[in-house]
Enquirer: 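Take this structure first; my questions come after.
For the numbers below, each heavy atom of this structure counts, side chains included, while hydrogens, waters and symmetry mates do not.
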Amino acid sequence: MTREMISSSLIGQNVTIYRGGPESKSGVILDVQKDYLALYTQQEIVYYQSEHIQSITVNTKENLSVQDLKNEVNYKKASDFLSLLSTLINQEVKIYQGGPESRQGILLSLGDDYAAILTREDGVIYYNLFHVKSIELKESKDDNISKQNEHCYPAKTFKSLFKFFNHKWVSINRNGPEAVEGILVENSNGLLTIIHHEELYKIDPFHVKSISVGERGAGKGNQKQENNNESSSSSANFEESSSSSSRYKESSSSSSSFSIYDDEYLSRSRGTRVSSSTDSYHSYRQSVQSETVISRSYIWKPR
């Protein structure tokens, strides 16, 4: 929905955002801005990007005094969604209310159109804000994530992040059918190229909801007891994938066979956002986890 579709008259109304699914929440609308709204659920405050909201169901029998709520509830207010996120830097947040992309962690920094979140599961994840439906400020857990020595790649936009990931093992999207892992070897013709052992993926960057360097589920908290056992295996697997990358480069000028899963790529654009601060370079261990296929891709296998 656009800002014009979500009237400020809904402030104070008891509503349900979405009719179902992991993003569905019921509560009272506290604030409506040009590209987001704030929903108070009596347990938390969820900030939804307006353009992703598919439906709002209004309970006309239960309306609350907005002024009373504003006096009782401490919520963030900003002119737009990116400015809202800038008030949450260095705080613990939850991206998405559920589903495969949902993660909780510390918001480290912002680019023009992405957010860098330090998570327990996957280390630093870079989220494409175009796809982020909601964000929620969370209380820090007892096992709060340490930010010591954690930095972000100094990229202005989500697309420009990819140049820092060249020849690194990356994880694109968290889970589900659109998730894929492998070595990013090039970015040509507007598509990302990922090598995973003997398979090659051509991925439309628009469909990348999130990306991280390293293996999914290999957050620092999970790795401390595993590093010694996995180091030799990971090294061997990485060399195998690197070898695949070399074979791809050597044979790229010769014949190859493609299995086309979906050759429909639509170009999309998004308005320019205001830049936020970014931090310096940080790299993760290169590791391998064999599995997964992505649907919007070409898969290449050398003959």
Side-chain angles (χ1 to χ4, degrees), residues 21-23 52 94-105 113-135 153 158-159 161-162 164-187 190-223 226 230 234 237-238 240-241 244-245 248 258-266 268 284-301:
E23 294 295 322
H52 293 298
K94 182 179 181 181
I95 300 288
Y96 295 91
Q97 298 306 293
E101 291 295 324
S102 180
R103 290 289 186 274
Q104 183 169 326
D113 57 358
Y114 74 89
I117 311 290
L118 174 60
T119 69
R120 295 169 180 82
E121 299 90 345
D122 304 316
V124 179
I125 302 173
Y126 300 86
Y127 278 96
N128 184 348
L129 290 180
F130 182 87
H131 296 289
V132 172
K133 295 180 179 179
S134 65
I135 189 167
Y153 291 92
F158 187 73
K159 193 172 183 179
L161 275 170
F162 302 134
F164 295 100
F165 301 153
N166 196 35
H167 297 142
K168 290 180 171 59
W169 187 274
V170 298
S171 300
I172 291 177
N173 301 333
R174 299 303 93 199
N175 289 297
E178 299 300 321
V180 66
E181 294 184 43
I183 298 174
L184 178 62
V185 294
E186 63 179 31
N187 182 3
L191 300 178
L192 300 179
T193 301
I194 305 291
I195 292 286
H196 186 101
H197 300 299
E198 295 299 322
E199 296 179 325
L200 182 146
Y201 304 88
K202 293 285 188 179
I203 303 170
D204 185 346
F206 176 81
H207 296 293
V208 177
K209 296 179 180 179
S210 64
I211 188 169
S212 59
V213 179
E215 178 183 2
R216 275 192 307 273
K220 288 190 173 182
N222 298 328
Q223 287 187 26
E226 300 175 354
E230 293 182 354
S234 297
N237 287 334
F238 182 79
E240 179 183 345
S241 292
S244 298
S245 175
Y248 159 67
F258 287 84
S259 171
I260 300 178
Y261 277 72
D262 185 354
D263 62 351
E264 183 178 354
Y265 292 96
L266 302 177
R268 300 170 176 84
Y284 287 85
R285 76 179 177 100
Q286 314 291 336
S287 57
V288 171
Q289 179 182 359
S290 60
E291 62 179 348
T292 202
V293 166
I294 191 166
S295 59
R296 293 184 179 90
S297 62
Y298 296 95
I299 296 181
W300 173 92
K301 294 183 178 180

Enquirer: Do side-chain atoms of Asn128 reach the backbone of Ser210 as a donor and acceptor pair under 3.5 angstrom?
Expert: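 Absent.
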Enquirer: Using side-chain contact (heavy atoms from CB on, under 4.5 Å), reason through Ile194 and Ile172 one step at a time and then give a plain yes or no.
Expert: CA-CA 10 Å; Ile194 305 291; Ile172 291 177; 4.1 Å; yes
Enquirer: Please determine whether side-chain contact (heavy atoms from CB on, under 4.5 Å) holds for the pair Lys94 and Ser102, giving the CA-CA distance in whole Å, both sets of side-chain angles, and the decisive distance to 0.1 Å.
Expert: CA-CA 7 Å; Lys94 182 179 181 181; Ser102 180; 3.5 Å; yes
Enquirer: Who pairs with Asn175 by side chain to side chain contact (heavy atoms under 4.5 Å, CB included), at least two apart in sequence or on another chain?
Expert: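 Only Pro100, Arg103, Arg216 meet the side chain to side chain contact (heavy atoms under 4.5 Å, CB included) criterion with Asn175.
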Enquirer: Is it true that a side-chain atom of His52 and a backbone atom of Ser134 form a donor plus acceptor pair closer than 3.5 Å?
Expert: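 Judged by distance alone, no pair lies under 3.5 Å.
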Enquirer: Taking ring pair (Phe, Tyr, Trp, His ring centres under 6.0 Å) as the test, write out the residues that go with Phe158, two or more places apart.
Expert: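 Phe158: ring pair (Phe, Tyr, Trp, His ring centres under 6.0 Å) contacts with Phe162.
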Enquirer: If every non-hydrogen atom of Asp122 is compared with every non-hydrogen atom of Thr119, which pair is closest and at what distance?
Expert: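 So the minimum-distance heavy-atom pair works out to N-OG1, 3.0 Å.
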Enquirer: Before giving the answer on side-chain contact (heavy atoms from CB on, under 4.5 Å), spell out for Phe206 and His131 the whole-Å C-alpha distance, their side-chain angles and the decisive distance to 0.1 Å.
Expert: CA-CA 9 Å; Phe206 176 81; His131 296 289; 4.2 Å; yes
Enquirer: Taking the side chain as everything from C-beta on, heavy atoms only, tell me whether Phe130 gets closer than 4.5 Å to Asp113.
Expert: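 SC-SC contact between Phe130 and Asp113 ruled out.
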Enquirer: Could you grab the distance from atom CD1 of Ile183 to atom CG of Leu200, nearest 0.5 Å is fine?
Expert: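 Reported value, rounded in 0.5 Å steps: 11.5 Å.
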Enquirer: Is there a donor-acceptor pair closer than 3.5 Å between any side-chain N or O of Tyr127 and the backbone N or O of Glu101?
Expert: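 It does hold such a pair.
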Enquirer: Is there side-chain contact between Ile203 and Val208, with heavy atoms separated by less than 4.5 Å?
Expert: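 Ile203 reaches Val208 side chain to side chain.
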Enquirer: Any non-hydrogen side-chain atom of Leu192 less than 4.5 Å from a side-chain atom of Leu184?
Expert: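 Result yes, sub-4.5 Å side-chain heavy-atom pair found.
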Enquirer: Between atom CD1 of Ile211 and atom CZ of Phe164, what is the distance when rounded to the nearest 0.5 Å?
Expert: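 Here the interatomic distance stands at 12.5 Å.
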Enquirer: To the closest 0.5 Å, what do you measure between CD1 (Ile135) and CD1 (Ile95)?
Expert: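 Rounded to the nearest 0.5 Å, the CD1-CD1 separation comes out at 3.5 Å.
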Enquirer: Do Thr193 and Lys202 come within less than 4.5 Å of each other through their side chains, counting heavy atoms only?
Expert: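 Yes, at least one pair of side-chain atoms sits under 4.5 Å.
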Enquirer: Of all heavy-atom pairs between Glu181 and Glu215, which one has the smallest distance, and what is that distance?
Expert: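 Answer, listing the atom of Glu181 first, then Glu215: OE1-CA, 3.7 Å.
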Enquirer: Apply side chain to side chain donor-acceptor pair (under 3.5 Å) to Ser212 and list each qualifying residue two or more places apart in sequence or on a separate chain.
Expert: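 Side chain to side chain donor-acceptor pair (under 3.5 Å) list for Ser212, sorted by chain: Arg174.
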Enquirer: Heavy atoms, side chains only, cut-off 4.5 Å: are Phe165 and Tyr126 in contact?
Expert: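 Touching, per the 4.5 Å side-chain cut-off.
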Enquirer: Restricting to non-hydrogen atoms, name the atom on Gly190 and the atom on Pro205 that form the minimum distance, rounded to 0.1 Å.
Expert: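 Residues Gly190 and Pro205, closest heavy atoms: O-CD, 3.0 Å.
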Enquirer: One pair to check against side-chain contact (heavy atoms from CB on, under 4.5 Å): Ile117 and Val124. What are the steps and the verdict?
Expert: CA-CA 5 Å; Ile117 311 290; Val124 179; over 6 Å; no
Enquirer: Side-chain contact, heavy-atom cut-off 4.5 Å: Leu161 with Tyr114?
Expert: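 Contact flag for Leu161/Tyr114 side chains = yes.
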